[in-house]
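Structure first, then comments.
In the text below, chain A, chain B and the rest are named by the order of the sequence lines, each starting its count at 1. Note that the structure is predicted; figures quoted are calculated from it, not measured.
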Number of protein chains: 2
Amino acid sequence: MKYEAAKLKDISKALGLSVSTISRALHDSHEISEATKKMVRDYAESINYRPNPIAVSLREKRTRSIGVIIAEIANSFFSQIINGIESVAFIKGYNVIITQSLESYERELNNINFLASHSVDGCLITVSTETSNYDHITKLYKNGFPVVFFDRVVEEIKTHKISIDNFKGAYDATTELIKCGFKRIAMLANAEHLSITQERLAGYKKALTDAGCAVDNSLIKYCRHGGMIYEEVEQSMNEAMQLSNTPDAFFAASDKLTTNFVRYCTAKKIKIPDELGLIGFSNLDLTDLLVPSLSVIRQPAFEMGRIATELLIKTIEARRPIVDFERKILQPELLIRESSKKRKK
Amino acid sequence: MKYEAAKLKDISKALGLSVSTISRALHDSHEISEATKKMVRDYAESINYRPNPIAVSLREKRTRSIGVIIAEIANSFFSQIINGIESVAFIKGYNVIITQSLESYERELNNINFLASHSVDGCLITVSTETSNYDHITKLYKNGFPVVFFDRVVEEIKTHKISIDNFKGAYDATTELIKCGFKRIAMLANAEHLSITQERLAGYKKALTDAGCAVDNSLIKYCRHGGMIYEEVEQSMNEAMQLSNTPDAFFAASDKLTTNFVRYCTAKKIKIPDELGLIGFSNLDLTDLLVPSLSVIRQPAFEMGRIATELLIKTIEARRPIVDFERKILQPELLIRESSKKRKK
DNA sequence: TTGAAAGCGCTAACAA
DNA sequence: TTGTTAGCGCTTTCAA
């Protein structure tokens with residue numbers, strides 16, 4: 001079954017003009033008479049002619065589309081980023097091809113290879129939790145394929161990067177928990193090697209030491225899939241809650257870790273914040289409707305998508321290779337609600 | 001800045017063979033000797049050769065990709081559908097291009113025109129709430145462009161359609177509210193002309209009349225953007241709550257209507273279910289964590305995406321035009337939790 | 001078993 | 001102002 005669309009040749013035959021004249025007329029070239037242009041345009045309109053983007057891409061060696069690799073669409077943080085990406089891509093006339101790694105290195109590899117093999121002009125990437133080898137990205141970048149990192153960036157690769165101030169987000173959250181009177185603050189962390197994990201971990205530790213609290217490594221629980229799988233959060237929580245000196249609050253370092261923390265507490269009938277305080281990263285719209293409402297670190301996700309896309313398109317459209325790469329850091333926002341408010345006993 | 005990938009010609013030059021021999025060798029043609037094949041394959045591998053998908057598409061008049069038009073990525077129901085779509089597309093070797101209408105007819109038109117102009121081999125569509133004229137889709141379909149509708153289907157167009165049993169979902173939800181003792185059950189509905197709205201409305205009405213309750217049209221509130229905008233829900237709710245005989249429960253007919261209903265009640269300090277009972281359509285993972293936990297109608301979204309994609313790929317790969325179109329109806333699931341449990345006073 | 005050449009739909013350099 | 005032609009990277013028919 002095939003769909004036969006009109007092509008230049010069809011118009012050319014119908015009007016008795018050459019294909020190049022049609023092409024030029026449709027591109028409003030100055031070397032075509034107004035009369036011809038009008039005739040061509042009217043006819044093209046009447047048969048609903050659309051240039052074949054595949055042919056144009058082949059010719060122009062560009063697709064006017066950009067690729068995106070995110071971890072998971074079903075995650076508010078990423079879907080808000082996508083909205084930011086689309087908002088500028090739309091204006092600039094680029095199409096967006098979204099792919100998900102689902103936190104799998106293999107899928108990421110697959111996606112990036114597809115995208116880079118001339119399917120898109122450039123790529124926006126946040127690496128999967130499983131990714132610790134970056135050869136597949138380095139190779140592209142060395143070949144001149146434009147890549148911009150967002151959120152989970154790779155320091156070794158020199159290109160535009162945009163992330164949020166993860167250190168500050170973590171520092172402020174932890175400090176707030178300390179101020180609220182929590183004594184043993186645990187951290188539910190994402191995969192250990194990720195840039196965001198390291199930065200958030202550093203912020204968490206600094207806040208503790210600045211407040212004169214000791215850092216207890218048994219209170220730091222890594223979740224290899226970033227909390228995407230409930231069972232890993234459950235296991236981490238079980239381990240933490242079985243310590244001789246159990247934590248009295250948690251700092252959850254990602255969207256999914258935060259919601260799965262709440263799910264765990266609900267399942268185990270652990271009262272937030274009385275038994276366990278919580279501040280977590282989350283971009284979910286509903287966190288203020290939970291009971292208790294969640295104190296969260298909210299990331300400017302839409303903004304991040306917007307800026308990343310602007311940088312990527314700038315790179316794609318640059319005449320000469322970019323040497324001066326930008327490193328943008330956006331500020332997170334700490335929204336203090338009930339889950340971090342320790343009640344006096 | 002451009003990215004130069006290896007092409008057949010490069011291999012041809014390097015090995016002193018013709019381009020056609022290289023092409024055949026890489027396709028494992030029987031007319032090429034094993035020795036040549038091995039040499040070509042090894043060399044291609046060594047330089048990491050990938051065929052240019054644009055050139056292949058132009059040649060083969062197919063792109064091995066499918067397009068998707070959904071309302072909004074940042075909506076659990078749709079993001080779950082996307083996961084279903086990707087799961088089968090991935091296996092069948094198709095790429096997925098996702099576009100959002102954001103409930104705008106203009107954007108939908110834009111997206112579908114882009115996708116249909118040879119960018120993809122076929123399309124999965126759920127129409128926007130604003131769409132009431134279907135000429136743009138009819139035109140494509142008449143030209144033989146494969147289209148499969150899911151969720152919000154268009155009856156006038158003869159093609160594969162997959163949706164859930166909206167009548168039953170609404171009927172069961174309303175009946176449950178009646179059984180729980182609610183007397184004046186209002187409906188928060190999506191845009192009036194949508195297929196899903198009509199079906200859910202019919203189920204709601206039938207449940208009322210079957211139970212001997214009168215249908216009161218002042219209790220049916222349409223939201224043109226399907227609840228995507230909080231203000232429209234707020235206005236509808238305000239109107240409903242100012243009636244002389246206010247409702248004591250709501251049936252919310254979409255994901256966003258359900259969550260924005262909760263948002264409204266929280267803002268106005270209306271207690272669910274004591275002051276207002278609720279059952280709503282929702283595929284959000286978190287509805288069981290809200291207090292009270294929400295009684296919801298859950299749709300098999302992943303499944304819907306999966307089946308829609310299978311039907312689309314079947315259509316794309318069919319040798320002859322399809323005349324027998326399928327109409328699949330999936331069953332929703334009613335999860336009864338606390339928001340619909342009227343307490344004795 | 002291999003090569004030459006045409007053609008997919010489009011644009012643009014060169015001719016007229 | 002318009003037409004002719006080459007070529008983007010690939011597959012495939014026809015010829016050798």
To the nearest 0.5 angstrom, please state how far the [atom1] atom of [X] sits from the [atom2] atom of [Y].
X: B:R62; Y: B:D121; atom1: CZ; atom2: CG; result: 5.5 Å
X: A:I47; Y: A:K7; atom1: CD1; atom2: NZ; result: 11.5 Å
X: B:L109; Y: B:E106; atom1: CG; atom2: CD; result: 8.0 Å

The criterion is ring-ring contact (aromatic ring centres under 6.0 Å, His included); which residues satisfy it with [X], sequence neighbours excluded?
X: B:H225; value: none
X: B:Y134; value: none
X: A:H27; value: none

Anything under 3.5 Å between a protein N or O and an N or O of nucleotides 13-16 of chain C, put it in a table, one pair a line.
from   : atom 1 : to    : atom 2 : distance (Å)
C:dA13 : N6     : A:R24 : NH1    : 3.2

Relative orientation of the end axes in the helix from C:dT1-D:dA16 to C:dA16-D:dT1, expressed as an angle to the nearest 10° (five pairs per end):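 About 50° separates the two local helix axes.
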Is there any ring-ring contact (aromatic ring centres under 6.0 Å, His included) pair reaching into residues 87-112 of chain B, and which pairs are they, with sequence neighbours excluded?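 Found B:Y105-B:H136.
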Expressed as a whole number of angstroms, how long is the span from [X]:[atom1] to [N]:[atom2]?
X: A:D28; N: D:dT1; atom1: CG; atom2: C1'; answer: 15 Å
X: A:I22; N: C:dT11; atom1: CD1; atom2: P; answer: 12 Å
X: A:L8; N: C:dC8; atom1: CG; atom2: C1'; answer: 13 Å

For [X], what residues pass the salt bridge (charged side-chain N to carboxylate O under 4.0 Å, His left out) criterion, not counting sequence neighbours?
X: A:E31; value: A:R24
X: A:E155; value: A:R327
X: B:E130; value: none
X: A:D28; value: A:K37, A:R41

Near-strand residues of residues 35-60 of chain B, defined as heavy-atom separation under 4.0 angstrom from DNA chain C: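 Only B:T36, B:L58, B:R59 qualify.
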Main-chain N/O of A:V19 paired to A:S23 side chain as donor or acceptor, under 3.5 Å: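 Here the side-chain-to-backbone pair does not exist.
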Does D:dG9 have OP1 or OP2 under 4.0 Å away from a side-chain N or O of A:K61?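 For A:K61, the contact criterion (side-chain N or O under 4.0 Å from OP1 or OP2 of D:dG9) is met.
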Kindly state which residues belonging to residues 9-18 of chain B come within less than 4.0 angstrom of DNA chain D, counting heavy atoms of the residue only, listed by number.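 Nucleic-acid contacts, sorted: none.
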Counting side-chain heavy atoms from CB outward, which of D:dG9, D:dT2, C:dT1 is closest to A:I32?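 Nearest to the side-chain atoms of A:I32, counting from C-beta on, is D:dT2.
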Can you check whether B:F78 reaches B:I73 side chain to side chain, under 4.5 Å on heavy atoms?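 A side-chain contact under 4.5 Å is absent here.
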